[in-house]
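Quantities reported herein were computed from a predicted structural model and do not represent experimental measurements. In the text below, chain A, chain B and the rest are named by the order of the sequence lines, each starting its count at 1.
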2 protein chains.
Amino acid sequence: MSPLHETLIRFIQAHFPMDDDRAKEIAGIFHEQHFLKNDILIHENKVSDHYYFLCAGYVRSYTHNWQGEEVTLQLISANKVVCELASFFKRIPAQANFQALTACMTLRVSFTDIQKAFHTMPEFREFGRSMLVNACVEMQQRNIGFIQETAEERYANLVETQPDLLQHVPLKYLASYLGITDTSLSRIRKESVERERKVRT
Amino acid sequence: MSPLHETLIRFIQAHFPMDDDRAKEIAGIFHEQHFLKNDILIHENKVSDHYYFLCAGYVRSYTHNWQGEEVTLQLISANKVVCELASFFKRIPAQANFQALTACMTLRVSFTDIQKAFHTMPEFREFGRSMLVNACVEMQQRNIGFIQETAEERYANLVETQPDLLQHVPLKYLASYLGITDTSLSRIRKESVERERKVRT
DNA sequence: AATAGAACTTGCCAAAAGACAAGAAATGAA
DNA sequence: TTCATTTCTTGTCTTTTGGCAAGTTCTATT
């Protein structure tokens with residue numbers, strides 16, 4: 001089994017305990033696909049036929065607002081799932097693009113294969129359901145952030161929980177993802193640094 | 001079959017086509033439960049053992065911010081699902097309360113029963129997965145609203161898409177759900193009325 | 001290595017929303 | 001029906017964020 005598949009096996013078992021043989025069987029329906037920086041994994045307005053496990057790299061999803069400007073919806077790091085859920089599961093056109101921000105290594109599975117696994121392997125459908133629940137929880141946490149945190153607090157939260165994003169994701173995408181302009185993010189970052197400096201003296 | 005179950009059958013078939021016998025079999029594992037205004041359907045910090053289909057009435061979910069103030073996360077109207085997804089499916093304590101804002105009629109199913117259906121009825125697991133995908137999409141839409149709409153635009157959107165909420169949900173809950181204070185919502189509503197008056201003259 | 005373009009920062013002013021207080025209106029309890 | 005409590009609105013001032021421009025820094029291309 002390839003190192004990428006080993007990573008996937010551990011990921012699967014972390015989310016739904018099952019014996020090694022079963023996890024390997026599930027991992028076996030995934031196939032490697034690599035992407036270069038700026039490649040598009042999933043295209044807006046097309047039905048998405050793949051569900052990706054991101055082994056290495058960073059991906060963002062984005063759509064456009066009414067002014068035609070890009071709006072970053074998700075920032076996805078390694079050991080996470082990349083999928084346009086409605087498009088993939090309901091066979092409808094995707095509402096967003098998914099773009100590689102760095103070179104990426106993924107394991108992907110097609111809808112046909114995932115359907116077969118879903119109906120024939122009890123452990124897989126438990127695992128799959130767990131993934132969907134996780135996606136909902138993550139979205140809900142994001143909503144809570146927007147409801148009750150200022151942009152500064154959302155930025156501080158991101159710095160604390162996902163500091164690696166700052167090294168690999170352009171600030172303009174981070175700003176968009178946080179729901180503010182790049183100008184505002186610059187000011188928040190400056191004040192954050194100044195505040196930390198004051199705390200130390 | 002009760003009128004509530006008839007509603008549920010139509011709802012199920014709208015989300016995943018299946019023949020009547022199968023839909024009735026699925027609906028048969030749901031049981032009626034009524035709630036009075038202000039009753040709590042799902043309790044924060046407890047593992048939730050029920051998944052509800054809301055036949056009639058309005059429900060909100062809420063948690064608390066660090067100041068101890070209530071923050072309304074969801075507003076749920078009839079013909080929708082009421083469920084604390086992580087608590088129900090992963091058997092962990094709920095992160096929010098779900099409260100009846102009006103008298104409610106629901107059909108509920110326990111985790112044990114839903115598990116059995118999930119593994120024995122292919123149509124049910126397709127339906128169930130469709131529900132989870134819908135929940136994700138709805139959360140994502142809310143995300144997008146926070147990222148790229150002003151509070152005024154989010155309010156206008158809500159007025160357009162769910163006008164019934166204005167009749168049945170206290171404005172302070174609406175404001176919280178929209179991520180603003182009741183004071184700000186009052187001003188937005190006043191300006192909205194004035195703007196509509198200007199358009200007509 | 002040089003240059004063009006993109007990303008990021010800073011300056012200045014405006015708009016949106018919050019905080020707090022006070023008052024009006026609506027609702028619930030007695 | 002009356003009164004207490006809650007909800008909602010309005011006033012005033014503050015804070016947060018946006019818009020736009022200009023400049024600096026970084027990255028990509030030649």
Side-chain angles (χ1 to χ4, degrees), chain A residues 36-39 58 60 62 65-72 75 99-103 143-159 165-197, chain B residues 36-39 58 60 62 65-72 75 99-103 145-159 165-197:
Chain A
L36 298 176
K37 181 176 179 179
N38 297 326
D39 278 353
Y58 292 85
R60 74 168 177 140
Y62 68 94
N65 65 16
W66 60 271
Q67 291 148 308
E69 294 158 339
E70 287 181 8
V71 178
T72 297
L75 294 173
Q99 175 188 40
L101 298 179
T102 62
N143 280 331
I144 293 175
F146 284 122
I147 291 176
Q148 63 181 15
E149 290 171 355
T150 61
E152 181 185 331
E153 289 167 338
R154 297 201 295 278
Y155 173 71
N157 207 331
L158 187 133
V159 166
L165 289 180
L166 292 161
Q167 267 88 58
H168 297 93
V169 176
L171 291 175
K172 68 178 202 178
Y173 296 149
L174 277 180
S176 176
Y177 172 77
L178 292 170
I180 57 178
T181 63
D182 54 351
T183 307
S184 295
L185 181 55
S186 270
R187 290 190 231 279
I188 286 174
R189 280 162 55 79
K190 180 184 183 184
E191 286 159 17
S192 175
V193 166
E194 286 175 354
R195 188 171 304 115
E196 284 201 7
R197 193 178 294 144
Chain B
L36 299 175
K37 182 176 179 178
N38 297 327
D39 279 353
Y58 292 85
R60 74 170 179 137
Y62 67 94
N65 65 14
W66 61 271
Q67 290 148 310
E69 294 158 337
E70 287 182 8
V71 178
T72 296
L75 295 173
Q99 174 187 43
L101 297 179
T102 61
F146 284 122
I147 290 176
Q148 63 180 15
E149 291 171 355
T150 62
E152 181 185 331
E153 288 167 338
R154 296 201 294 279
Y155 173 72
N157 206 332
L158 187 135
V159 165
L165 289 180
L166 292 161
Q167 266 87 58
H168 297 94
V169 176
L171 291 174
K172 70 178 202 178
Y173 295 150
L174 277 180
S176 176
Y177 172 78
L178 290 171
I180 57 178
T181 63
D182 55 351
T183 308
S184 295
L185 180 56
S186 270
R187 293 193 229 278
I188 285 174
R189 282 163 54 79
K190 180 183 181 185
E191 286 158 20
S192 174
V193 166
E194 286 174 354
R195 189 172 302 114
E196 284 201 8
R197 192 178 294 143

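Each of Lys37(B) and Leu185(B) lies near DNA chain C, and the nucleotide nearest Leu185(B) is the one positioned closer to the 5' end. The residue among Tyr173(A) and Arg154(B) whose nearest nucleotide of DNA chain C lies closer to the 5′ end is Tyr173(A).
If you check dA7(C), dG18(D), dC20(C) against the side chain of Arg187(A), the one that comes closest is dG18(D). Side chain of Ile180(A), nearest nucleotide from dT17(D), dA17(C), dT9(D): dT17(D). For Thr181(B), counting side-chain heavy atoms from C-beta on, the closest listed nucleotide (dA21(C), dG18(C), dT10(C)) is dG18(C). Checking dA17(C), dA28(D), dG11(D) against every side-chain atom of Lys190(B), the shortest atom distance belongs to dG11(D). With distances taken from any side-chain atom of Lys172(A) to the nucleotides dT9(C), dC8(D), dA6(C), the minimum falls on dA6(C).
One atom, CG of Asp182(A), and another, C1' of dC26(D), lie 15 Å apart when rounded to the nearest Å. For the pair Leu178(B) CG and dG18(C) P, the interatomic distance rounds to 11 Å; values are reported in whole Å. In this structure, CD of Glu70(A) is placed 9 Å from P of dA7(C), rounded to the nearest angstrom. Note: CD (Glu69(B)) to C1' (dG18(C)) measures 12 Å, nearest angstrom. The distance from atom CZ of Arg189(A) to atom P of dT17(D) is 16 Å, rounded to the nearest whole Å. The interatomic distance linking Leu36(A) (CG) with dA28(D) (P) rounds to 13 Å, in whole Å. The separation between Tyr155(A) atom OH and dT16(D) atom P is 17 Å, rounded to whole Å. When rounded to the nearest whole Å, the span between CD of Gln148(A) and P of dG18(C) equals 13 Å.
Using a 4.0 Å heavy-atom cutoff across all strands shown, Thr150(B) reaches sugar-phosphate atoms only and no base atom.
One distance of note links CG of Asn38(B) with CG of Leu101(B); it measures 8.0 Å at 0.5 Å rounding.
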